[in-house]
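Working notes, structure below.
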Amino acid sequence: MDAATAKPVPRHIAITMDGNGRWAAARALPRPAGHRAGLKPVRMCVEECARRDVEALTLFAFSSENWGRPADEVGSLMGLFIEALEREIEELHGQGVRLRFIGERRNLSVRLQGRIAAAEELTRGNSGLKLQVAVSYGGRWDIIQAAQRLARECSSGALRPEEISEEVFGSSLALGGVPEAELLIRTGGEYRISNFLLWELAYAELYFTSRLWPDFSVGDLEEALGFFAGRERRFGQLSAQCPAAAKG
Ligand code: FPP
């Protein structure tokens, strides 16, 4: 519940931050300037989610497919992640945020891997907002790595195939232990999932806005939360079967 409005808030919000390149192009700036401008709404969302008692926030910062972008854009994004981590980590820690990165880390530079490991270690014990940043992440990659992990456990005898339930599979995914996403926000005017959280979005409400990510404001977030609060979440059941508490 949002203490200020008494409306239900999602336990977990996932955001696809799209539109940075177009934001930069509209200002005759290079694309990396759009990515840099995208840090402002990231800060805003972290603060607002913490303030509204949202339990988890997951940001799609760099997909498995983004490796195919021109090398200078990839390089400047990786540099931005390192810079943002170095600059913001103490503040996030002070806010009680538990920061984790999800994605194929082996593809990242040793320096970025080191910064990520240090940030995760520093904030591991924090009990505030669970903040996940998806970098070098793809939903299909995640499902495959979970399947491989479980297959290894089965072949070592630690697990029987019949024991693989939705819960067991879900906890083998990169977001294992984080409540399932209840609201997906995608900026930039595209109506696609684009290989984000394929398993976890099964019952999420989907909110699309044409707003470009660097322009995403508190008002835009409130609009998305209002959309969520107005949805009846039935999980495949009938309206009359759903307890009021499950409606959000
Ligand atoms: C998609 O817009 C955005 C990205 C690929 C990068 C998003 C990264 C940030 C906002 C930085 C966040 C940093 C941290 C540490 C969380 P696009 O480039 O595809 O935009 P376009 O569709 O207009 O070209």
Side-chain angles (χ1 to χ4, degrees), residues 13-50 56-93 95 97-105 107-109 111-120 122-123 129-139 174-175 184-197 208-217 220-221:
I13 301 178
I15 307 183
T16 299
M17 310 179 288
D18 198 8
N20 297 347
R22 281 166 281 163
W23 184 93
R27 288 159 182 77
L29 293 169
R31 293 177 57 83
H35 299 315
R36 182 170 289 277
L39 287 177
K40 190 171 160 210
V42 167
R43 276 186 218 104
M44 178 279 286
C45 285
V46 169
E47 279 165 25
E48 287 298 315
C49 285
L57 172 67
T58 302
L59 302 171
F60 204 4
F62 191 88
S63 71
S64 313
E65 294 73 27
N66 286 154
W67 288 113
R69 292 195 176 191
D72 58 341
E73 181 169 348
V74 171
S76 84
L77 269 166
M78 294 299 148
L80 186 64
F81 298 146
I82 292 175
E83 187 190 317
L85 261 177
E86 289 176 348
R87 214 178 44 205
E88 312 278 346
I89 191 58
E90 287 301 334
E91 168 107 28
L92 290 171
H93 184 44
Q95 292 169 353
V97 170
R98 192 198 72 179
L99 178 63
R100 284 201 311 170
F101 278 69
I102 57 170
E104 179 51 277
R105 279 185 204 200
N107 296 338
L108 306 176
S109 70
R111 185 166 172 210
L112 180 51
Q113 287 187 44
R115 289 288 179 278
I116 289 173
E120 289 182 336
L122 178 69
T123 62
L129 180 72
K130 296 180 175 78
L131 174 62
Q132 291 69 231
V133 180
V135 171
S136 190
Y137 173 87
L175 281 187
L184 170 75
I185 299 172
R186 180 171 184 151
T187 59
E190 307 288 356
Y191 296 79
R192 284 193 294 271
I193 303 296
S194 297
N195 202 15
F196 193 31
L197 306 182
F208 300 97
T209 167
S210 59
R211 189 76 76 216
L212 303 177
W213 177 249
D215 290 329
F216 192 74
S217 66
D220 295 321
L221 179 63

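What you see is a predicted model; the values in this text were computed from it and never measured. Numbering of ligands and ligand atoms starts at 1, following listing order.
Here the protein heavy atom with the shortest distance to atom 10 (C) of ligand 1 is Asn20 ND2, 3.4 Å. For atom 4 (C) of ligand 1, the closest non-hydrogen atom on the protein side is His35 CE1, 3.7 Å.
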Salt bridge (Lys or Arg N to Asp or Glu O under 4.0 Å) assessment of Arg87 paired with Glu83: CA-CA 6 Å; Arg87 214 178 44 205; Glu83 187 190 317; 3.1 Å; yes
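Ring geometry, Phe196 versus Phe60: the interplanar angle falls under 30°, so the pair is classed parallel (tilted spans 30 to 60°).
When Arg31, Arg69, Met17, Glu65 are ranked by how near their heavy atoms come to atom 1 (C) of ligand 1, first place goes to Met17. Of the candidates Phe81, Trp23, Phe216, Phe60, it is Phe81 that places a heavy atom closest to atom 15 (C) of ligand 1.
Here is the list of ligand 1 atoms found below 4.0 Å of a heavy atom in Asn66: 5 (C). Taking a cut-off of under 4.0 Å to the non-hydrogen atoms of Gly21, the atoms of ligand 1 that pass are 17 (P), 18 (O), 20 (O), 21 (P), 23 (O), 24 (O). Atom numbering of ligand 1 starts at 1 in the shown order; those under 4.0 Å from a heavy atom of Leu39 are 12 (C), 13 (C). Shown in contact with Ala61 at under 4.0 Å from a heavy atom are these atoms of ligand 1, numbered in order with element: 4 (C), 5 (C), 6 (C), 7 (C), 8 (C).
A salt bridge is defined here as a Lys NZ or Arg NE, NH1 or NH2 lying under 4.0 Å from an Asp or Glu carboxylate O, and Glu65 with Arg192 fails to meet this definition.
If you take CZ on Arg31 and CG on Leu77, they are separated by 8.5 Å, rounding to the nearest 0.5 Å. Summarising the geometry, atom CD1 belonging to Ile185 is positioned 9.0 Å from atom OG1 belonging to Thr209; distances are rounded to the nearest 0.5 Å.
Using a 4.5 Å heavy-atom threshold, the side chains of Ile89 and Leu122 count as touching. Residues Thr187 and Trp23 form no side-chain contact, since every pair of their non-hydrogen atoms from C-beta on lies 4.5 Å or further apart.
The shortest heavy-atom distance from Gly188 to ligand 1 is not under 4.0 Å.
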